[in-house]
Protein chains: 2
Amino acid sequence: MDKQKEILTTALKLFVDYGFHGTATSKIAKEAGVANGTLFHYYKTKEDLIIALYIDIKLRVAQHIESYRDEHTEYKEHFKKQFIGLMLWSLENDYEFRFIQQFYFSPYASLMDYEEIQKLSKKGCEELEEAMEQNHIKKQPIDYLIAIVNNYVFGIQQYLRQSKLTPEEKKEVIYNSYETLWIMIH
Amino acid sequence: MDKQKEILTTALKLFVDYGFHGTATSKIAKEAGVANGTLFHYYKTKEDLIIALYIDIKLRVAQHIESYRDEHTEYKEHFKKQFIGLMLWSLENDYEFRFIQQFYFSPYASLMDYEEIQKLSKKGCEELEEAMEQNHIKKQPIDYLIAIVNNYVFGIQQYLRQSKLTPEEKKEVIYNSYETLWIMIH
DNA sequence: ACTTTTACCGACTGATTAGTCGATCTAAAT
DNA sequence: ATTTAGATCGACTAATCAGTCGGTAAAAGT
């Protein structure tokens, strides 16, 4: 693993465990096994690192959801696959998910403008808009829909994290939760 | 306004705008118009202040929801009143809401144990459990239900905050959103 | 009246932090 | 072979921060 990647991985873990300001850059560097200067060679400021990490994770999520794209099935099934795919991914990428949440509700989020954030999940949004035009789902403001779906995902993930369910039971919950989501947007 | 209250109010604003570690205790004291030592007279540590603020807001929310209690109407209407009451409160207490969200997803949340957090909205949870037993709402794990409802509220609030709707339009959204919530839990 | 407790002040400190800088070390380009 | 450019190092610094302390003033208790 190259040093830059190592920095990101370590930063992710520390930021989630101790918060943004609660994590010193020197601690990240030390734990990542690189020199202090190396961190600042790749990221000019701590803020840069935080935003780079956010974008990195967002892109990985988008890419993963993308891999579930299947234009041939009907919309409900197509959307279901993506939702389930995302939730299963969240089970195995807990830190990534928690980082996104922490970032969302932190003052750092307002450093990126709203447009730029949305751009990172552009494909997904476009698909929702398209589905709305074709009357597969209820007509409502796209921002509203996104907020609802996002927070539903967060809710399920949060429940699963603090629950003591077995992996099998968690998967069961995920599969069942889709029906409710569909009812919400349909 | 007494000094202690002034400290809490100032801390709320600064924590939301700059984050927990991004806000220096000296800055809180200065902006609240009290001496540095006074802050530490009331709160032994910064962490104490953060948790006291969280509890203060949680209690105010609980109290406000409580004021909408009305045992005489049927459950759907009763729950609606509480939901609408909460959402309207959130419109006028934006900072309080954002603080709760920030706290939830910060490492500070894990300093309080889960039990203690739930206790602060005990009444609401008990009511939900009761309603479930009497088959007013779908039978499902109480934690699941709470996570879903909580995050739905967050979602609507988040949408309203970043939207450019007039106060009247916002109220319209709130009233409409209840139907979806009811479907979700029913 | 006097004693104790509480409210409040602000200068001070030891520790920590983000970020800098000049040096060394590659590895590719010419 | 020599230049150039990026990668990596770690000691250093100026600034900042959480929390302390010794003191004064005002309430509260007796």
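Note that these values count all heavy atoms, side chains included, but never hydrogens, waters or copies made by symmetry. Every chain is numbered from 1 and lettered A, B, ... according to where its sequence line falls, protein lines coming before strand lines.
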Does [atom1] in [X] sit with more than 12 non-hydrogen atoms of other residues, nucleotides or ligands closer than 6.0 Å?
X	atom1	value
B:Phe40	CZ	yes
B:Gln63	CD	no
B:Lys170	NZ	yes

Pick out the pairs of N or O atoms, protein on one side and nucleotides 25-29 of chain C on the other, that lie under 3.5 Å.
none

Any chance you could list the contact pattern along nucleotides 10-15 of chain C? Use B for base contacts, S for sugar-phosphate-only contacts and - for none, protein heavy atoms under 4.0 Å, 5' to 3'. B-----
Atom [atom1] of [X] to atom [atom2] of [N]: distance rounded to whole Å?
X	N	atom1	atom2	value
B:Asp48	D:dG19	CG	P	9 Å
A:Phe40	C:dG22	CZ	P	17 Å
B:Lys30	D:dC17	NZ	P	10 Å
B:Lys3	D:dA25	NZ	C1'	12 Å
A:Lys46	C:dT17	NZ	P	8 Å
A:Ile28	C:dA18	CD1	P	8 Å
B:Tyr108	D:dA18	OH	C1'	11 Å
A:Tyr42	D:dC9	OH	P	9 Å

[X] side chain N/O closer than 4.0 Å to the phosphate oxygens (OP1, OP2) of [N]?
X	N	value
B:Thr25	D:dC17	no
B:Tyr43	D:dG19	no
B:Lys44	D:dA18	no
A:His41	D:dA7	yes

Start with the C-alpha gap between A:Arg60 and A:Glu66, add the side-chain angles, then the distance that decides, and say whether salt bridge (charged side-chain N to carboxylate O under 4.0 Å, His left out) holds. CA-CA 10 Å; A:Arg60 273 158 56 204; A:Glu66 188 75 6; over 6 Å; no
Hey, could you give me each pair passing side chain to side chain donor-acceptor pair (under 3.5 Å) that has a residue in residues 24-37 of chain B? Not counting sequence neighbours. none
Looking at side-chain heavy atoms only, is the closest gap between [X] and [Y] below 4.5 Å?
X	Y	value
A:Leu88	A:His64	no
B:Gln158	A:Phe105	yes
B:Glu127	B:His78	yes
B:Thr10	B:Val34	no

For B:Tyr175, all residues meeting ring pair (Phe, Tyr, Trp, His ring centres under 6.0 Å), sequence neighbours excluded: none
B:Tyr159: what forms a ring pair (Phe, Tyr, Trp, His ring centres under 6.0 Å) with it, not counting sequence neighbours? A:Tyr144
I need the residues from residues 5-24 of chain A with at least one non-hydrogen atom less than 4.0 Å from DNA chain C; give them sorted by number, or say none. A:Thr23, A:Ala24
Quick check: on DNA chain C, is the nucleotide nearest A:Lys27 upstream (toward 5') of the one nearest B:Gly33, or the reverse? Name the residue that is more 5'. B:Gly33
Would a line drawn from the ring center of B:Phe99 to the ring center of B:Phe20 be shorter than 6.0 Å? yes
